[in-house]
Number of protein chains: 2
Amino acid sequence: MAAGQGGAEGMPHGAPGGVEQALHAAEARCLRAGVQLTPLRRQVLELVLEAEQPLGAYALLDRLKAQRPGAAPPTVYRALDFLLEQGLIHKVERLNAFIGCVEAGHAHHEGHGHDHAHQFLICRQCGLTVELSDHAVAHALDDAARRAGFRIGNATVEVEGLCAGCAAG
Amino acid sequence: MAAGQGGAEGMPHGAPGGVEQALHAAEARCLRAGVQLTPLRRQVLELVLEAEQPLGAYALLDRLKAQRPGAAPPTVYRALDFLLEQGLIHKVERLNAFIGCVEAGHAHHEGHGHDHAHQFLICRQCGLTVELSDHAVAHALDDAARRAGFRIGNATVEVEGLCAGCAAG
DNA sequence: CAGGTCGGGTTACTATATAACATCTGTGAC
DNA sequence: GTCACAGATGTTATATAGTAACCCGACCTG
Ligand SMILES: [Zn+2]
Ligand SMILES: [Zn+2]
Ligand SMILES: [Zn+2]
Ligand SMILES: [Zn+2]
């Protein structure tokens with residue numbers, strides 16, 4: 001954790017006021033999917049979206065406790081499971097942390113539901129984490145797996161490196 | 001953990017008697033690198049290589065205790081750190097588990113040392129885990145990262161799916 | 001009013017990983 | 001020789017991540 005870590009109002013990856021917009025999109029999406037984006041789930045999603053870096057479950061729990069003193073690990077894990085199932089967030093395996101899906105708000109992707117092909121670029125210095133949806137990567141991986149006789153499911157693709165800012169500065 | 005989990009004498013990914021060969025290759029490699037493949041580290045490497053599936057640190061610890069009753073978590077984690085640094089094993093992030101590097105014994109790769117580009121295919125049903133070194137995947141990832149302004153470091157690429165055997169049966 | 005489903009509270013626990021300090025052993029300086 | 005140092009391991013305690021199990025209230029349905 002090196003760079004700007006604003007409390008609750010940090011500047012997320014997408015847009016400054018994009019959190020509210022993303023929350024509304026998530027509500028609409030859950031409505032269409034016939035699942036409930038309850039206040040708790042919405043709160044957890046909001047916490048994930050507000051952070052400009054992936055947050056661990058216990059970091060989320062700490063923040064959640066401010067609004068919901070009784071919160072315990074299962075509280076946050078259940079909400080995270082739901083959000084993962086709905087494709088609203090992703091887990092970054094290398095960090096044991098969670099981050100909002102950048103595609104979740106895009107109308108033209110709403111058909112996908114969960115598990116679209118994605119990749120993460122993680123800056124080792126400032127922690128900046130960027131989500132890509134690179135088709136070339138997805139296809140190369142698909143081909144390679146097929147050649148090995150595998151029927152493909154979800155893929156975890158996470159690259160550690162230096163972001164443009166940190167490489168320059 | 002679903003399929004055949006032979007005790008200490010399982011059939012590894014490569015060859016039946018390949019474990020001894022791999023251990024000798026590892027010794028030679030460490031010698032050349034000027035680092036010590038101590039008995040403890042060698043034992044841990046052997047345990048990793050004997051399993052035909054990735055093993056978690058505590059599973060390794062249990063097996064290690066049979067030979068080394070005093071072993072504790074740091075014992076095995078330190079050995080694993082060493083083996084990771086030397087490129088003799090990899091960590092499978094999705095499983096929090098460790099597996100021998102298939103390249104480690106290949107003479108023509110010995111120059112690389114650690115962190116060669118690799119990918120894992122993990123069967124969700126039988127746990128079979130296969131390591132690939134697909135250049136097309138590596139290049140696609142490299143390109144994508146470059147376009148995003150990232151200077152690339154290590155990549156974690158892990159695909160969950162069904163192996164040929166499980167897809168057929 | 002049952003009886004079912006779902007979300008969530010609560011407690012306790014398991015699993016994964018590391019910090020910190022102690023001990024031992026070999027090596028080179030003096 | 002012995003002092004100082006580095007590397008490897010032992011030892012104890014703790015931090016971090018994730019789950020199981022049980023309960024309870026809200027809601028719907030017959
Ligand atoms: Zn996404
Ligand atoms: Zn950076
Ligand atoms: Zn490898
Ligand atoms: Zn299989």
Side-chain angles (χ1 to χ4, degrees), chain A residues 1 26-27 30-31 33-48 51 53-86 88-99 127 156 158, chain B residues 1 26-27 30-31 33-45 47-48 53-86 88-99 127 156 158:
Chain A
M1 313 287 179
E27 276 168 357
C30 288
L31 198 63
V35 296
Q36 304 178 52
L37 185 63
T38 62
L40 169 60
R41 290 165 174 174
R42 203 189 125 109
Q43 271 176 13
V44 172
L45 177 56
E46 187 174 7
L47 289 171
V48 171
Q53 290 177 4
L55 288 183
Y58 283 74
L60 288 165
L61 179 54
D62 284 343
R63 289 162 169 72
L64 187 60
K65 277 178 179 164
Q67 302 168 284
R68 211 173 261 258
T75 312
V76 68
Y77 276 105
R78 286 193 285 229
L80 290 170
D81 284 346
F82 171 86
L83 297 170
L84 286 169
E85 275 165 20
Q86 301 309 314
L88 295 169
I89 64 172
H90 296 297
K91 178 172 183 183
V92 186
E93 299 285 346
R94 282 174 76 118
L95 305 175
N96 293 322
F98 302 86
I99 190 172
T156 298
E158 302 174 359
Chain B
M1 310 295 176
E27 277 169 356
C30 288
L31 198 64
V35 296
Q36 304 178 52
L37 185 63
T38 62
L40 170 61
R41 290 164 175 175
R42 205 189 123 110
Q43 271 176 14
V44 172
L45 176 57
L47 289 171
V48 171
Q53 290 178 1
L55 288 183
Y58 283 75
L60 289 165
L61 178 55
D62 284 343
R63 289 160 168 73
L64 186 60
K65 276 178 179 164
Q67 302 168 283
R68 211 172 261 259
T75 312
V76 67
Y77 276 105
R78 286 193 285 229
L80 289 170
D81 285 346
F82 170 86
L83 297 171
L84 285 168
E85 274 166 20
Q86 301 309 315
L88 296 170
I89 63 172
H90 296 297
K91 179 172 185 184
V92 185
E93 298 285 347
R94 282 174 76 119
L95 305 176
N96 293 320
F98 303 85
I99 190 172
T156 297
E158 302 175 0

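Lettering of chains follows the sequences in order, A, B, ..., and the numbering in each one begins at 1.
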- CZ of R41(B) versus P of dG10(D): gap in Å, rounded? 11 Å

- Query: Going from CG on L60(A) to CG on L45(A), what distance comes out if it is rounded to the nearest 0.5 angstrom?
  - Reply: 10.5 Å

- Message: Measuring to OP1 and OP2 of dG18(D), would you say a side-chain N or O of K91(A) lies under 4.0 angstrom away?
- Response: yes

- Message: Would the distance check show the side chain of E158(B) and the main-chain N or O of V92(B) forming a donor-acceptor pair, the cut-off being under 3.5 Å?
- Response: no

- Task: Grab the CG-C1' distance between D81(B) and dA19(C) for me, whole Å please.
- Result: 13 Å

- Determine the contact category for R78(A): base if any of its heavy atoms lies under 4.0 Å from a base atom, sugar-phosphate if only primed atoms, P, OP1 or OP2 are that close, otherwise nothing. base

- Message: Which is more 5' along DNA chain D, the nucleotide nearest L40(B) or the one nearest A72(B)? Just name the residue.
- Response: L40(B)

- Identified side-chain contact (heavy atoms from CB on, under 4.5 Å) partner of C30(A) from the options L37(A), T38(A), L83(A): L37(A)

- With respect to V76(B), which candidate in L61(B), D81(B), L40(B), L47(B) satisfies the side-chain contact (heavy atoms from CB on, under 4.5 Å) definition? L61(B)

- Can a side chain N or O of Y77(B) be found less than 4.0 Å away from OP1 or OP2 on dT18(C)? no

- Ring stacking, Y58(A) with base of dT16(D), under 5.5 Å and under 30°? no

- Task: Round to a whole Å and report the spacing from CD of Q86(B) to C1' of dA8(D).
- Result: 14 Å

- Task: Indicate yes or no for a side-chain donor-acceptor contact from R41(B) to the backbone of Q36(B) under 3.5 Å, with no hydrogens or angles considered.
- Result: yes

- Is Q36(A) near enough to dC6(C) that one of its side-chain N or O atoms lies under 4.0 angstrom from OP1 or OP2? no

- Phosphate oxygens OP1/OP2 of dG9(C): is one of them under 4.0 Å from a side-chain N or O of T75(A)? yes

- Query: Which nucleotide in the list dG18(D), dG9(C), dA17(C) gets nearest to the side chain of F98(B)?
  - Reply: dA17(C)

- Whole Å only: how far is the CD atom of E93(A) from the P atom of dA17(D)? 13 Å

- Query: Considering only dG9(C), dT11(D), dG7(D), which nucleotide approaches the side chain of R68(A) most closely?
  - Reply: dG9(C)

- Query: In whole Å, what is the span from the CG atom of L37(B) to the P atom of dT9(D)?
  - Reply: 10 Å

- Can you tell me how far P of dT16(C) sits from CZ of R94(B), to the nearest Å? 16 Å

- Query: Among dT19(D), dG9(C), dT9(D), which is the nearest nucleotide to the side chain of P74(A)?
  - Reply: dT19(D)

- Side-chain N or O of N96(B) less than 4.0 angstrom from OP1 or OP2 on dA17(C)? yes

- Quickly work out the L61(A) CG to dG9(C) C1' distance and round it to whole Å. 13 Å

- In whole Å, what is the span from the CG atom of L55(A) to the C1' atom of dT16(D)? 15 Å

